[in-house]
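Working notes, beginning with the structure itself.
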Amino acid sequence: MIFYFSATGNCLHISHQLDSNTQSIPQVLKNDHLVFEDEVIGIVTPVYAGEMPHIVRRFIEKATFKTNYFYIISTYGMNDSVASEWASQFCEKQGIKVHYANTLQMVDNYLPSFDVDEQKAIDKKIPEQLAIIKEDLNQRRNYIKQPTEDGREKYNLVKIRFTEHPEINNGEQIEITDKCSGCGICTRVCPIGNIKLVDGKAVKINKTCEFCLACANNCPSKAIIMSISDKNSNARFRNENVSLQEIIKANEQ
Ligand SMILES: Cc1cc2nc3c(=O)[nH]c(=O)nc-3n(C[C@H](O)[C@H](O)[C@H](O)COP(=O)(O)O)c2cc1C
């Protein structure tokens, strides 16, 4: 049994490669009773600034897992910094014993810093990474990936920057421009239902959000931009193995 969160399909794709029983966290969170039992339970999550997205944290805080083997796979783009250590410590604080935590490098969908067209052109050897993780899981390996000194340093720098400038990373900089055609896709891929249509145009409900960038990356008109920094506002990303309908099904509120 796998629980995943995915804004642009990387985690959704990896979940499907690892297990036939996958459940989307934004959907599961609609239920009150969050007790799960299985021989093996996994979480597949993106790395956000070295940590886990808030929606994944809320799920872990609310859920009870009864299992003999609990694992976390964190997909990331360019720097996994302290991801596996951070995620396993977070779970252990909730009383969850983590047996395996590893990371998997994929396209970096963080639009403020990366041109996703350039990202797509890099061969990150995903099948090779996945094969190692699959073998580890089959063997029920006990392993928590440890951060490098450089990873720890980068994590601390990013943490200071986002603490001093929360507007960079809390969704405030997501701007819906006049290019909006009113198709409503952003309202359906947002995992917290933070966008609605008003007079045929998309409008944010709250100023801040998860900042998962599902709205911007899945907008067919490229009408949603980052107002502080958008590396290439013409480049947007969805994992090539995942359809828009699958993202909607996973995230729609
Ligand atoms: C807010 C935010 C923060 C991110 N922080 C990191 C990071 O610290 N390191 C990294 O390598 N990738 C980072 N990423 C990239 C994602 O972790 C990566 O693209 C992930 O595979 C996306 O998964 P998804 O397609 O399932 O949403 C970040 C992305 C977002 C939206």
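Keep in mind that what you see is a predicted model, and the values were worked out from it rather than measured. Each ligand, and each atom within it, is numbered from 1 in the order the structure gives. Side-chain atoms are counted along with the backbone in the values below, which use heavy atoms only and exclude waters and symmetry mates.
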Examine Y69 together with H99 and report whether their ring centres are nearer than 6.0 Å. yes

Under 3.5 Å, N/O to N/O: give me all the pairs between ligand 1 and the protein, one per line with atom names and distance.
{"residue": "ligand 1", "atom": "5 (N)", "partner": "V47", "partner atom": "O", "Å": "3.2"}
{"residue": "ligand 1", "atom": "5 (N)", "partner": "A49", "partner atom": "N", "Å": "2.9"}
{"residue": "ligand 1", "atom": "8 (O)", "partner": "A49", "partner atom": "N", "Å": "3.1"}
{"residue": "ligand 1", "atom": "8 (O)", "partner": "G50", "partner atom": "N", "Å": "3.2"}
{"residue": "ligand 1", "atom": "9 (N)", "partner": "N79", "partner atom": "O", "Å": "2.8"}
{"residue": "ligand 1", "atom": "11 (O)", "partner": "G77", "partner atom": "N", "Å": "2.9"}
{"residue": "ligand 1", "atom": "11 (O)", "partner": "M78", "partner atom": "N", "Å": "2.9"}
{"residue": "ligand 1", "atom": "11 (O)", "partner": "N79", "partner atom": "N", "Å": "2.8"}
{"residue": "ligand 1", "atom": "11 (O)", "partner": "N79", "partner atom": "O", "Å": "3.1"}
{"residue": "ligand 1", "atom": "12 (N)", "partner": "G77", "partner atom": "N", "Å": "3.2"}
{"residue": "ligand 1", "atom": "12 (N)", "partner": "D108", "partner atom": "OD2", "Å": "3.3"}
{"residue": "ligand 1", "atom": "14 (N)", "partner": "V47", "partner atom": "O", "Å": "3.3"}
{"residue": "ligand 1", "atom": "17 (O)", "partner": "V47", "partner atom": "N", "Å": "3.3"}
{"residue": "ligand 1", "atom": "17 (O)", "partner": "V47", "partner atom": "O", "Å": "2.7"}
{"residue": "ligand 1", "atom": "17 (O)", "partner": "T75", "partner atom": "O", "Å": "3.4"}
{"residue": "ligand 1", "atom": "19 (O)", "partner": "V107", "partner atom": "O", "Å": "2.7"}
{"residue": "ligand 1", "atom": "19 (O)", "partner": "N109", "partner atom": "N", "Å": "3.0"}
{"residue": "ligand 1", "atom": "19 (O)", "partner": "N109", "partner atom": "OD1", "Å": "3.3"}
{"residue": "ligand 1", "atom": "21 (O)", "partner": "N10", "partner atom": "ND2", "Å": "2.9"}
{"residue": "ligand 1", "atom": "21 (O)", "partner": "T75", "partner atom": "OG1", "Å": "2.7"}
{"residue": "ligand 1", "atom": "25 (O)", "partner": "T8", "partner atom": "N", "Å": "3.3"}
{"residue": "ligand 1", "atom": "25 (O)", "partner": "T8", "partner atom": "OG1", "Å": "2.5"}
{"residue": "ligand 1", "atom": "25 (O)", "partner": "G9", "partner atom": "N", "Å": "3.2"}
{"residue": "ligand 1", "atom": "25 (O)", "partner": "N10", "partner atom": "N", "Å": "2.9"}
{"residue": "ligand 1", "atom": "26 (O)", "partner": "S6", "partner atom": "OG", "Å": "2.7"}
{"residue": "ligand 1", "atom": "26 (O)", "partner": "N10", "partner atom": "N", "Å": "3.3"}
{"residue": "ligand 1", "atom": "26 (O)", "partner": "C11", "partner atom": "N", "Å": "2.8"}
{"residue": "ligand 1", "atom": "27 (O)", "partner": "A7", "partner atom": "N", "Å": "2.8"}
{"residue": "ligand 1", "atom": "27 (O)", "partner": "T8", "partner atom": "N", "Å": "3.2"}

Distance-only donor-acceptor hits, side chain of residues 243-250, under 3.5 Å, sequence neighbours excluded:
{"residue": "S243", "atom": "OG", "partner": "E246", "partner atom": "N", "Å": "3.1"}
{"residue": "S243", "atom": "OG", "partner": "E246", "partner atom": "OE1", "Å": "3.4"}
{"residue": "E246", "atom": "OE1", "partner": "S243", "partner atom": "N", "Å": "2.9"}

Please check if the number of heavy atoms outside K30 that lie under 6.0 Å from its NZ is greater than 12. yes

Which pairs, with at least one residue in residues 120-145 and sequence neighbours excluded, count as a ring pair (Phe, Tyr, Trp, His ring centres under 6.0 Å)? Y100-Y143

Set of residues satisfying side-chain hydrogen bond (donor to acceptor under 3.5 Å, both in side chains) with respect to E175, sequence neighbours excluded: none

Can we say K159 and E51 salt-bridge, meaning some charged N sits less than 4.0 Å from an Asp/Glu carboxylate O? yes

